[in-house]
Each structure stands twice: as C-alpha cells, then as structure tokens.
Amino acid sequence: MASMQKRLQKELLALQNDPPPGMTLNEKSVQNSITQWIVDMEGAPGTLYEGEKFQLLFKFSSRYPFDSPQVMFTGDNIPVHPHVYSNGHICLSILTEDWSPALSVQSVCLSIISMLSSCKEKVFFLLQRRPPDNSFYVRTCNKNPKKTKWWYHVANYQRCDGLLFAQFFKNDTC
C-alpha cells in the first residue's frame, strides 16, 4: 500500500506541475482521498471537440501501478465518439490488457486526448458516432469498465483523419 501511495503522490505532483495540454487536476477531488481523482479536460484546439469541457474520473486500486486505474468520463458532458459509451466507459486497450506499470496518469490523459483528436470527419447523426452497441452495453454492463471483456477486432470501420480505423467492440460478457 505504501508503494501505491508513494507512486500516486509522485504522479499527482507531476499532473499538477506539468499537465498534458488541456488537462487540469480538479484539486477538490483529491482532498479526501488520493485514490480517486477528477481531471478536467478541454477539447484540443483544431479538433471536433475544441472548446468542449469534459471530466475524467480516475480510480486507483491498492495494486496500482501493477493494476491499471479505472478511467471513465463523468459529469454532464460525455464526448460523443466511436470509442466512448454514453455512460462514460472508454474502449482503450491501455486501460485493460495493454496496461503497463511504466504508464502513468499523464500517459493515459495523452492517449485519451489523442483518441478524441484523431477523428476529423463530422458525422451528422449523433448515434452513429457512439459505438454501435451503445444502448445494449449501457443497459447491461458492470459499473466498473474494467470488468468488461473488450474485443479489439475488425468488424466495422470509422473514417478518421483520412485513414480507416477499426471500430472496437466489447465481448458479450460485460
């Protein structure tokens, strides 16, 4: 437990002193507990999300950094994106099986900024920018996104930045 707290203190200072662009630690969120943070995020300039404000909730288990943090969007404004469910769950491999103790809160924040910034093409129907199984997933999933068994397979494509990217889907066992 002491190594987890030491690591979180180090990452907390790093996020306060050198946050990724558009990210700010919500200082009130860490006053009572170091194991749950809220990071305020602003959409990157020149992207579809420019000027929008979001919040990320980070929850750390006693096994951090060997166990990935639970990370999800929270609050009133959940970004509409092919890899973000309407309940705030994020389909991003570094939050599950591709997690490494060498990663940090800052690297997770940068990955989320990059994920949101990668889509350049506007889609006119809001539901088309959510994962295709959004309604079913939100009704049936566990509250903890880490309990979802994500499948990363080529089943649908989303055009972003002139390239085709595979759409990610979850396994039926959420």
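Positions are given from 1 along the sequence. Scope of the values below: all heavy atoms of this structure, side chains included, with no hydrogens, waters or symmetry mates.
- Grouping Ile, Leu, Val, Met, Phe, Trp and Tyr by side-chain contacts under 4.5 Å, direct or through others, puts Met72 with Ile38, Leu57.
- Counting all heavy atoms, side chain and backbone alike, Val30 lies closest to Leu12 at CG1-CD1, 4.0 Å.
- Ring orientation note: the planes of Tyr49 and Phe54 are nearly perpendicular, at an angle over 60° on the 30°/60° scale.
- In plain terms, the two heavy atoms of Ala14 and Gln106 that are nearest each other are O-NE2, 3.4 Å.
- Between the CD atom in Glu52 and the CD atom in Glu42 there is a gap of 10.0 Å [rounded to 0.5 Å].
- Taking the side chain as every heavy atom from C-beta outward, Ser111 and Met115 never approach each other to under 4.5 Å.
- Of all heavy-atom pairs between Lys143 and His89, the closest is O-NE2, 3.2 Å.
- In this structure Arg63 satisfies the salt bridge (charged side-chain N to carboxylate O under 4.0 Å, His left out) test with no other residue, sequence neighbours excluded.
- A continuous path of hydrophobic side-chain contacts links Leu15 to Ile34 [ILVMFWY only; heavy atoms under 4.5 Å].
- Of all heavy-atom pairs spanning Ile90 and Val71, the tightest one is CD1-O, 4.1 Å.
- How far NZ of Lys6 is from CD of Gln9: 11.0 Å, rounded to the nearest 0.5 Å.
- Without hydrogens or angle criteria, Asn87 side chain to Val138 main chain gives no donor-acceptor distance under 3.5 Å.
- How far CD of Gln16 is from CG of Leu25: 5.5 Å, rounded to the nearest 0.5 Å.
- Side-chain contact between Tyr64 and Val105 is present, with heavy atoms from C-beta onward closer than 4.5 Å.
- Using a 4.5 Å heavy-atom threshold, the side chains of His83 and Leu92 count as separate.
- Partner Arg7 forms a side-chain contact (heavy atoms from CB on, under 4.5 Å) with one of Gln5, Met4, Glu11 and no other, that one being Glu11.
- Taken from CZ in Phe58 to CD in Gln36, the straight-line distance is 12.0 Å, to the nearest 0.5 Å.
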* Asked: Between Thr47 and Leu116, is a side-chain contact (heavy atoms from CB on, under 4.5 Å) present by the stated rule, with each step listed?
  -> CA-CA 8 Å; Thr47 71; Leu116 290 180; over 6 Å; no

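- We find the CG-CG distance between Leu56 and Asn26 to be 11.5 Å, quoted to the nearest 0.5 Å.
- Contact annotation: the side chain of Ser86 never approaches that of Tyr137 to less than 4.5 Å [non-hydrogen atoms, C-beta and beyond].
- Closest heavy-atom contact between Trp99 and Ser104: CH2-N, 4.2 Å.
- Residues Ser107 and Ile94 come closest through the heavy atom pair O-CD1, 4.4 Å.
- Summarising the local packing, CG of Asp76 is surrounded by 12 or fewer heavy atoms from other residues, nucleotides or ligands at distances under 6.0 Å.
- For the salt bridge (charged side-chain N to carboxylate O under 4.0 Å, His left out) test, no residue two or more places apart in sequence or in another chain qualifies with Lys10.
- Thr24 places no side-chain N or O within donor-acceptor distance of the main-chain N or O of Asp40, the cut-off being under 3.5 Å.
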* **Trp37 and Leu8: CA distance, side-chain angles, deciding distance, side-chain contact (heavy atoms from CB on, under 4.5 Å) verdict** => CA-CA 10 Å; Trp37 306 359; Leu8 285 177; 4.0 Å; yes

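- Between Ile113 and Pro20, the closest side-chain pair of non-hydrogen atoms falls below 4.5 Å.
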